[in-house]
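Worksheet for the structure shown next.
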Amino acid sequence: MRHTAQPSGDGRNQPCTTSRRSADEAHTSGQPAAPLAVPPTEIASTFGLIADEQDFRAMQQYSTFTSTEFATYLTEFEALLRSREGEGAHTQVALFDPQEFADFCASAGHEPDSPDSRARYTAYLAATGPTLPSTGQVPADLIPPLIEGALRQATWEYASAVLARLGACAVCGKDLGQAAHARASALLDRILTGARQGLSHHVVCSVAAEPETVTAVLRTGTDARGAIELDEAAALGLTTVLALGLATRSPGGLVMRTAPRSAPDQVYGWRIRMGDLEALTASEVFDAFCTDAETGGPIPPEPEVDYCSPPDLGPDATSPGDGH
């Protein structure tokens, strides 16, 4: 996973930014319109944030990037966000990855050692990459969720590409990738609907794909009525990874951890085997969580955790028996 880096303002010491003016400035006829004065609150901006010291050093190869210390850079970045917040303006933050920036410049024919090129890349990130709204967080608090979002998007893109290459079923002519995605979506809905009552759920799906295992994570909460609340992008990512395992019949697993209101956490799951979900027994779940993956030795179980067998998902109308 590669991160992000970016200068702005005068193009030297501050993060790059791209702004989007309000619709009030759009021309409503074919005649030129006089420029309008637009308050700062009507300008949406996206700033690129360098994630770590290594990425910061990578950007120092460019003469127009003149910051010398990563800690100072973060302080200046925070001051920039505070300034925008003080104006009441809407600001988003994206990760600026030095290698992806270089690739972007090479493919588009831009000079990378240029504030304009960094601004163009920031605009590209604003349109295609995950961003977070700036609501008073310090940069250090923005970096982990931005990295998680970038990883989630990369995983989704990879899994989607593999599913798209599967083509049509030789028996029925259905698109195998689409069929697997529909089945995975239905299974996830059953898993969440049948989840044991709790304040939150943590779902992890892993598939042993090539060249490495891909993993997706979904965290859910509950509203005042007890209905499940979830992030749609995370749900899509997990559905796509599950579909990848089902369609390619790759080994993998799906594990769910539920936090009840007044009881120990409950952990249970399923293995992905030959294109289907197979429930794990309570002892299998215990062994999976209480065995060191490297040494094979035992690990003490977590306190206040019950290792359980999963709820019954019911009949699966789109099981591998349909010829897929």
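Values below: all heavy atoms of this structure, side chains included; hydrogens, waters and symmetry mates excluded.
Proximity of a side-chain donor or acceptor of Glu278 to a complementary backbone N or O of Met274 within less than 3.5 Å is not detected. Gln99 places no side-chain N or O within donor-acceptor distance of the main-chain N or O of Asp55, the cut-off being under 3.5 Å. Of the possible polar contacts, one joining the Arg84 side chain to the His90 backbone as a donor-acceptor pair under 3.5 Å is found. A donor-acceptor contact shorter than 3.5 Å is absent between the side chain of Ser200 and the backbone of Ala259. Looking only at distances, no side-chain donor or acceptor of Ser83 sits under 3.5 Å from a matching main-chain atom of Ala79. Formation of a donor-acceptor pair under 3.5 Å by the Gln61 side chain with backbone atoms of Met59 is not found in this model. Here the side chain of Asp113 pairs a donor or acceptor atom with the backbone of Thr64 at under 3.5 angstrom. Thr75 places a side-chain N or O within donor-acceptor distance of the main-chain N or O of Ala71, the cut-off being under 3.5 Å.
Note that OG1 of Thr220 and CG of Leu218 are 6.0 Å apart. Values are rounded to the nearest 0.5 Å. If you take CD on Glu78 and CG on Leu142, they are separated by 9.5 Å, rounding to the nearest 0.5 Å. Atoms CG and CG, on Leu176 and Leu246 in that order, are 12.0 Å from each other to the nearest 0.5 Å. Between atom OG1 of residue Thr215 and atom CD of residue Glu212 there is a gap of 9.0 Å, rounded to the nearest 0.5 Å. In this structure, Glu232 CD and Thr239 OG1 are separated by 9.5 Å, a value rounded to the nearest 0.5 Å. The distance from the OG1 atom of Thr91 to the CD atom of Glu85 is 8.5 Å, given to the nearest 0.5 Å.
For the residue pair Thr240 / His181, a side-chain donor-acceptor distance below 3.5 Å is found, with atom types taken as modelled. For the residue pair Ser114/Arg120, the side-chain donor-acceptor check at 3.5 Å is not satisfied.
A salt bridge is defined here as a Lys NZ or Arg NE, NH1 or NH2 lying under 4.0 Å from an Asp or Glu carboxylate O, and Arg257 with Asp306 fails to meet this definition. Ion pairing between Arg219 and Glu148 holds under the 4.0 Å rule for side-chain N and carboxylate O.
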Going through the checks in order, is the side-chain hydrogen bond (donor to acceptor under 3.5 Å, both in side chains) test met by Glu157 and Thr155? CA-CA 5 Å; Glu157 290 175 350; Thr155 298; over 6 Å; no
side-chain contact (heavy atoms from CB on, under 4.5 Å) for Arg152 and Asp231? Distances and angles first, verdict last. CA-CA 12 Å; Arg152 181 171 62 222; Asp231 181 284; 4.3 Å; yes
Go through the steps for Thr46 and Leu125 under the test side-chain contact (heavy atoms from CB on, under 4.5 Å), then give the verdict. CA-CA 8 Å; Thr46 300; Leu125 291 177; 5.6 Å; no
Starting from the C-alpha separation in whole Å, work towards a yes-or-no answer on side-chain contact (heavy atoms from CB on, under 4.5 Å) for Ile299 and Thr291. CA-CA 5 Å; Ile299 298 175; Thr291 301; 5.9 Å; no
I'd like to know whether Arg190 forms a salt bridge (charged side-chain N to carboxylate O under 4.0 Å, His left out) with Asp312, so could you lay out the CA-CA distance, the side-chain angles of the two residues, the decisive distance to 0.1 Å, and finally the verdict. CA-CA 9 Å; Arg190 292 183 186 185; Asp312 184 8; over 6 Å; no
Passes side-chain contact (heavy atoms from CB on, under 4.5 Å), Val162 versus Glu210? Steps please. CA-CA 10 Å; Val162 174; Glu210 293 294 338; over 6 Å; no
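Within the 4.5 Å cutoff, the side chain of Leu238 has heavy atoms near those of the Leu254 side chain. In this structure, Phe101 and Arg118 have side chains that are in contact, with non-hydrogen atoms separated by less than 4.5 Å. Using a 4.5 Å heavy-atom threshold, the side chains of Ile272 and Cys205 count as touching. Residues Pro145 and Leu132 meet the side-chain proximity criterion, which asks for heavy atoms closer than 4.5 Å. A heavy-atom distance below 4.5 Å is not found between the side chains of Thr281 and Ser309. At least one side-chain heavy atom of Tyr307 sits less than 4.5 Å from a side-chain heavy atom of Val305. Residues Leu313 and Ile191 form a side-chain contact, since some pair of their non-hydrogen atoms from C-beta on lies under 4.5 Å apart. Between Tyr268 and Val255 there is no side-chain heavy-atom pair separated by less than 4.5 Å.
Cluster annotation: Phe77 and Ile143 are assigned to the same hydrophobic cluster (Ile/Leu/Val/Met/Phe/Trp/Tyr, side-chain heavy-atom contacts under 4.5 Å, transitive). A continuous path of hydrophobic side-chain contacts links Val203 to Leu230 [ILVMFWY only; heavy atoms under 4.5 Å]. Leu74 and Leu81 fall within the same hydrophobic cluster, defined by Ile, Leu, Val, Met, Phe, Trp and Tyr side-chain heavy atoms under 4.5 Å apart, directly or through other members. No continuous path of ILVMFWY side-chain contacts below 4.5 Å connects Tyr73 to Val138, so the two sit in separate hydrophobic clusters.
Atom CZ of Arg273 has 12 or fewer heavy atoms from other residues, nucleotides or ligands within 6.0 Å. In this structure, Trp270 places its CH2 atom where more than 12 heavy-atom neighbours from other residues, nucleotides or ligands lie under 6.0 Å away. The environment of Gln54 atom CD is sparse: at most 12 non-hydrogen atoms of other residues, nucleotides or ligands sit within 6.0 angstrom.
The six-membered or imidazole ring of Tyr124 lies near that of Phe104, with a centre-to-centre distance under 6.0 Å. You'll find the ring centres of Phe65 and Phe56 inside the 6.0 Å limit.
Grouping Ile, Leu, Val, Met, Phe, Trp and Tyr by side-chain contacts under 4.5 Å, direct or through others, puts Val217 with Val204.
Across every non-hydrogen atom of Cys169 and Cys172, the tightest pair is SG-N, 3.5 Å. Contact between Glu76 and Ser67 at its shortest, heavy atoms only, is OE1-OG, 3.9 Å. Among all heavy-atom pairs drawn from Gly269 and Pro310, the shortest one is O-CG, 3.4 Å. Smallest separation of non-hydrogen atoms from Pro130 and Leu146: O-CD2, 4.2 Å. Across all non-hydrogen atoms, the minimal contact from Ser250 to Val207 is CB-CG1, 3.7 Å. The two residues Val241 and Ala216 have their closest heavy-atom pair at CG2-CB, 3.8 Å.
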